[in-house]
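Have a look at the structure below, then the notes.
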Amino acid sequence: MTGSTPQAEGKQYDGASQLNDADYLEALRQQMLKFANLQISDTHLAEDAVQEALIGAIKKADSFGGRSAFKTWVFAILKNKIADVLRKRQRLAEVSEIMGSDEDDEALSSLFDKKGHWNPEDRPNRWGDPEDSFKQQQFWVVFETCLNNLPGNQAKVFMMREYIGLNTDEICKEVDLSISNLHVMLHRARLKLQKCLEIKWYDGGKHA
Amino acid sequence: MLSCHQATRLASDAQERPLTFKEKASLKIHTMMCSGCRNFENSMNTLRKAMQGFASGDYDSHNQSKDIDK
């Protein structure tokens, strides 16, 4: 996977050289912005967080062996910045807004019959070995699509929990939800993701 | 006896907090008999792993090799 001459290896991919690749940096910045915007929903604060994370990472850029490590590092810093912003900020959303509309509920309850059992066509299937999927680029495209399909607030709390790694108390404080409401939202988000991945990846959309 | 809706809720909650003994037992009994919920419960682990992969380098290690080759 290296296309370089042997003696350049190691040097060519160190952290510092990534900073000379404007295209790479811009693409990375866009990814970070997209993520920060979803979480903070304030463009200025999101841009600040991304900026600070990039600056923080650049200071240490020499110590990274490859892009993958560099990106992981930048996102780790970004996640901390976002967590700081969220912790500081006054909570601003109404519970009703966060919890989502009744239509949402209907879409989900259509997975189950009146007694709360799976409708036959919605019953989850076996997924097979996850590690296999993770190796395929197409899986991650589908995964990202499914994340993007979540209603905004579900996506937000799900990402806070699973991606930024905030704990339940911190999330409840930020979005002004009770723990049980948060658990309801995470449950809904997981039902949706499960369904979406199953349709788009594991069944029909079987990666041609 | 739990409904599938309740069982999936417990499977999701198990990612957030330790279930009580009673909850664990009723979920276990349900999933022993219900393949749909058993599959859902397994997919919880896959989802969490996928999020971790998404958050780390896994997500674009393939892009990386493309970038380097150019």
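Here the structure is a predicted model, which means the values were calculated and not measured. Here is the naming used below: chain letters follow the sequence lines, and residue numbers restart at 1 for every chain.
- Residues of residues 38-48 of chain B that come within less than 4.5 angstrom of chain A, heavy atom to heavy atom, are N39(B), F40(B), S43(B), M44(B), T46(B), L47(B), R48(B) in numerical order.
- Using a 4.5 Å heavy-atom cutoff, the side chains of F143(A) and K200(A) are not in contact.
- Of the atoms belonging to F158(A), it is side-chain heavy atoms, and not backbone ones, that fall under 4.5 Å from chain B.
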- [ ] Show your working on salt bridge (charged side-chain N to carboxylate O under 4.0 Å, His left out) between R161(A) and E170(A) and close with a plain yes or no.
- [x] CA-CA 9 Å; R161(A) 180 72 188 95; E170(A) 288 168 331; over 6 Å; no

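- N119(A) is not listed as a side-chain neighbour of L111(A), based on a closest heavy-atom distance of 4.5 Å or more.
- With ring centers used as reference points, F134(A) lies under 6.0 Å from W140(A).
- Interface remark: L191(A) contributes backbone and side-chain atoms alike to the contact with chain B (heavy atom separation under 4.5 Å).
- In this structure, chain A has heavy atoms under 4.5 Å from both the backbone and the side chain of C37(B).
- A cation-pi arrangement is present between K79(A) and Y163(A), with the terminal nitrogen or guanidinium carbon under 6.0 Å from the aromatic centre and inside a 45° cone about the axis.
- Taking 4.5 Å as the heavy-atom cut-off, the residues of residues 14-30 of chain B that approach chain A are Q15(B), E16(B), R17(B), ordered by number.
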Open item on the list: Evaluate H183(A) against S12(B) for side-chain hydrogen bond (donor to acceptor under 3.5 Å, both in side chains), listing each step before the verdict.
Closed with: CA-CA 8 Å; H183(A) 288 176; S12(B) 172; over 6 Å; no

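- Within the 4.5 Å cutoff, side-chain heavy atoms of D132(A) are placed close to those of K135(A).
- Checked against the 2.5 Å cut-off, the SG-SG distance between C196(A) and C146(A) falls under it.
- In terms of heavy-atom pairs under 4.5 Å with chain B, the best-connected choice from R126(A), E131(A), R123(A) is R126(A).
- Interface remark: W118(A) contributes backbone and side-chain atoms alike to the contact with chain B (heavy atom separation under 4.5 Å).
- The closest side-chain heavy-atom distance from C4(B) to C34(B) is below 4.5 Å.
- Contact annotation: the side chain of M159(A) approaches that of L147(A) to within less than 4.5 Å [non-hydrogen atoms, C-beta and beyond].
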